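It should be emphasised that the depicted structure is a prediction, and the values quoted were computed from it without experimental measurement.
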Amino acid sequence: MSEKRKSFLLGALVGSVVGSVAALLLAPKSGRELRQDIKDGAHQVSEKTTNVIKQVGEHTSGWVEAAKDKVNNLREWRQNRRQEDDETFAQIASSKEDDKVETRELDEILK
């Protein structure tokens, strides 16, 4: 998750808590009503926090799976590329050996 998004979510969460507390404390209510409102507000903040955490978890698991797929694709590509390189090097080595044999044969003919 990007830093901007984290900062925004944290700011929204803190802002909602501060706003809720300010509204409760500034409202003209009896002690019993105020305590009930604080309890309800705390419950709402808890639910919102739980929902945000679930959403972050869902997004994170999706990103982890996508990253794993990318890594596996990269490994497969690298392995295929290594095999192709090994085959190319083998062909070059074989070609050099063929050239050496031809050079020896020509040397023998010229002697």
Side-chain angles (χ1 to χ4, degrees):
M1 179 177 282
S2 72
E3 287 299 318
K4 289 182 180 181
R5 192 169 196 166
K6 285 180 187 177
S7 296
F8 175 77
L9 290 174
L10 182 60
L13 183 63
V14 170
S16 66
V17 169
V18 170
S20 297
V21 170
L24 290 173
L25 294 177
L26 296 175
K29 295 185 178 184
S30 69
R32 178 176 283 154
E33 290 177 42
L34 182 59
R35 286 190 299 272
Q36 184 62 42
D37 287 349
I38 291 172
K39 182 179 173 183
D40 293 342
H43 183 68
Q44 288 175 355
V45 168
S46 174
E47 286 179 356
K48 287 181 182 179
T49 303
T50 302
N51 289 337
V52 167
I53 289 171
K54 284 180 184 178
Q55 289 175 354
V56 168
E58 289 170 1
H59 289 298
T60 302
S61 64
W63 293 333
V64 167
E65 289 302 316
K68 284 180 181 179
D69 289 343
K70 297 282 184 189
V71 168
N72 287 334
N73 290 341
L74 183 60
R75 283 181 180 156
E76 184 177 320
W77 174 83
R78 188 181 69 192
Q79 183 178 8
N80 290 339
R81 182 64 192 194
R82 186 176 289 156
Q83 288 175 348
E84 290 172 5
D85 289 347
D86 289 347
E87 291 171 4
T88 301
F89 291 140
Q91 289 173 354
I92 291 170
S94 175
S95 175
K96 284 186 176 182
E97 285 299 317
D98 291 344
D99 289 346
K100 286 180 183 178
V101 169
E102 288 179 15
T103 302
R104 283 188 213 128
E105 289 174 354
L106 286 175
D107 285 344
E108 291 295 321
I109 292 172
L110 293 174
K111 287 186 182 179

Could you state the interatomic distance from CZ (R35) to CD (E33), rounded to the nearest 0.5 Å? 10.5 Å
Contacts of type salt bridge (Lys or Arg N to Asp or Glu O under 4.0 Å), residue D85, not counting sequence neighbours: R81
By side-chain hydrogen bond (donor to acceptor under 3.5 Å, both in side chains) - contacts of Q36 (at least two apart): D40
CH2 of W63 to NZ of K68, rounded to nearest 0.5 Å, is 16.0 Å
Rounded distance (nearest 0.5 Å) linking atom CD of E76 with atom CG of N72: 8.5 Å
Tell me every residue that passes side-chain hydrogen bond (donor to acceptor under 3.5 Å, both in side chains) with E47, counting only those two or more places apart in sequence or in another chain. H43
Is a donor on one side and an acceptor on the other found under 3.5 Å between the side chain of T49 and the backbone of V45? yes
